[in-house]
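Take a look at the structure set out below.
Note that the structure is a prediction, hence the values are computed from the model and not measured. Every chain is numbered from 1, with letters handed out A, B, ... down the list of sequences.
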Amino acid sequence: MAKKVRVRFAPSPTGGLHLGGVRTVLYNYLFAKKHAGDFLVRIEDTDQSRYVQGAEEYIFDTLKWCGLEPDESVQHGGNYGPYRQSERKESYRRYAEQLVQDGHAYYAFDTPQELEKMRQDFRTELNPSPQYDHTLRMKMQNSLSLPADETKRLLDSGAGHVIRIKVPEQETVSFTDMIRGEVSFNTSLVDDKVLLKADGMPTYHLAVVVDDHLMEISHAFRGEEWLPSAPVHILLWKYLFGLENMPQWAHFPLILGPNGKLSKRDGAKYGFPVFAMNWADPKTGELTEGFKEKGFLPAAFINLLALLGWNDGSEQEIFSKEELIEKFSMERVHSAGAKFDYEKAKWFNHEWIKRFEVEGLRFEVESLLTKSGITVSDSALLDKVIELVKDRCTLLPDFVQHASFFFKSPENWDTDAVRPKWNEDKKNFFLAYIEKLLPHTTWNAASLEELFKELAAEKVIKPGELQLPFRIMLVGGKFGPPVFVIAELLGKEETIRRINTAINIFP
RNA sequence: GGCCCGUUCGUCUAAGGGUUAGGACACCACCCUUUCACGGUGGUGAUACGAGUUCGAAUCUCGUACGGGCUACCA
């Protein structure tokens, strides 16, 4: 009998949510939705020293922007709450003690200094990082190496201690990864990981297993960096809840930067965002730019993220969220890491801007224009302008360049572009053109162009040489849609005003 | 160092024994456009290497090389 699909995402509020993290949420979400299952978010706040104030809210803001809101979460409550680890503290201790009683874990009293000393003492050329494992545990201070009464005395006296898993020797732990197939490990090479810390909080290893059990998680998906600790989790499932109840695992490939796992540094170094939204670290004040603020559409963002490690086997590249839910399948997630390419990311956004209806863009464009000091008085005009220029915009802020001159006269003119061919004859042409425009009643691009060309023929000037100056008069530079279309949208009064203004400025 | 994962154009990828190894981004050329784009057409460009299995290998197996991850009382 198949259990209902229930997946969870467990972010740690240590600041920011980068591409890899968001993609993990995305795949979790897509899989859950595809199978009509639940998608939960559980907060990993075990390490209070790394906990960053505001990071939790940031995570939920990000999920909201991406349209990946959980069904149950810290914010919404739900039947399996609480979803914050610090609020579940007591239950973890219980399971850890249970393991000790069953002989699968033990108390360890070693201080950080003693651990450091151990690493120093046993470090050799062949083994640069000695582990707390079966070869060393009897040489350390723990309930396995110490006499029972000494252990009891230490415990009773309230001596600081952790609980570590007792990993067996010479066993093979294997499991089936939905992406990689069978993966196996020799337990002799696995170290005795800490399960419960001295402060009573669980480490990720204990928490993930206990929570997945308590929250009835059916599928556990996470990044590939977790693969090496999977044997610990498998062992814990075996000891605590039974392998037959274990969720199915999938380890997603990493998203790589120019060199190795994508990091916050890469963004700053190579000039592209690595976070979904701006993140200002309250501790350092450091700001990391986000895709949102850079001008990405959420639809484009999740689209490009989804394709970084997955495709449906066809040549389709543009997928809406609904299509992704429908077509996503774990079998088609790659096992190799994918290097992030910002150029391609921008292409996705461009495609989405082109596809978006005006209604979907209006709000963003207007607020961007307002932010750069442009007042949009005519919203019907704004709609026309958006439709007209959206093909030219890759990132949302590009609209400012391509749309602002419809609402505000240029203040600078690219006079260098007109200078070489500008002369008295041309100036006279525009003066004459104004005279023709004044009584003109059918104000549309076609008739304006016709008038322009007739006059040019009359004055024996090539129309081509006149169009560029005309464009610069209207928009200030060498860009934008066809000139006569611009003139049409600008209206008679404004067009004439701009010709008049510029004609006196041209060299 | 040890363990684990991986390897098709520069990048993202298709092709799950038989294709001139396909597409997209980027790049180049041409067309369209007397602006900038969009668009269109074409081009450069890849199966890491070596063995084996097979009539036949990018595809299966092994080895090598290379890349990445992990190796904390972080996740």
Could you state the atom-to-atom distance from [atom1] of [X] to [atom2] of [N] in whole Å?
| X | N | atom1 | atom2 | answer |
| --- | --- | --- | --- | --- |
| Asp45(A) | C74(B) | CG | P | 13 Å |
| Met118(A) | U71(B) | CE | C1' | 12 Å |
| Tyr132(A) | C3(B) | OH | P | 23 Å |
| Arg180(A) | C5(B) | CZ | C1' | 6 Å |

[N]: pairing nucleotide in any strand, Watson-Crick or G-U under 3.5 angstrom:
| N | result |
| --- | --- |
| C60(B) | G52(B) |
| C70(B) | G2(B) |
| A24(B) | U11(B) |
| C32(B) | none |

At under 4.0 Å, does any side-chain N or O of [X] touch on OP1 or OP2 of [N]?
| X | N | answer |
| --- | --- | --- |
| Arg164(A) | C73(B) | yes |
| His334(A) | A14(B) | yes |
| Arg332(A) | A15(B) | yes |
| Asn311(A) | A14(B) | yes |
| Lys339(A) | G67(B) | no |
| Lys261(A) | G67(B) | no |

Quick one: does NZ or CZ of Lys426(A) land under 6.0 Å from the six-membered ring centre of Trp422(A), within 45 degrees of the ring axis? no

Is the positively charged end of Arg164(A) above the ring of Tyr132(A), judged by distance under 6.0 angstrom from the centroid and angle within 45° of the axis?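 Yes, Arg164(A) and Tyr132(A) form such a contact.
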
Of Phe430(A), Trp413(A), Phe429(A), which is the lone residue that meets side chain to side chain contact (heavy atoms under 4.5 Å, CB included) with Pro469(A)? Phe430(A)

I need the Asp192(A) CG to Leu136(A) CG distance, nearest 0.5 Å.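 Output value for this atom pair is 10.0 Å.
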
Picking from G6(B), A75(B), G1(B), which would you name as closest to the side chain of Ser129(A)?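 My answer, after comparing the listed nucleotides, is G1(B).
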
Output the single nucleotide from U35(B), A75(B), G68(B) whose closest atom is nearest the side chain of Ser12(A).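 Closest nucleotide to the Ser12(A) side chain: A75(B).
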
Closest non-hydrogen atom pair, Asp191(A) against Ile165(A): O-CG2, 4.5 Å

Output one line per pair: protein atom, nucleotide atom from nucleotides 22-24 of chain B, and distance, for all N/O pairs under 3.5 Å.
from: G22(B); atom 1: O2'; to: Glu315(A); atom 2: OE2; distance (Å): 3.3
from: G23(B); atom 1: O4'; to: Glu315(A); atom 2: OE2; distance (Å): 3.2
from: A24(B); atom 1: O4'; to: Glu317(A); atom 2: OE2; distance (Å): 2.9
from: A24(B); atom 1: O2'; to: Glu317(A); atom 2: OE2; distance (Å): 2.6
from: A24(B); atom 1: O2'; to: Lys344(A); atom 2: NZ; distance (Å): 2.9
from: A24(B); atom 1: N3; to: Lys344(A); atom 2: NZ; distance (Å): 3.0

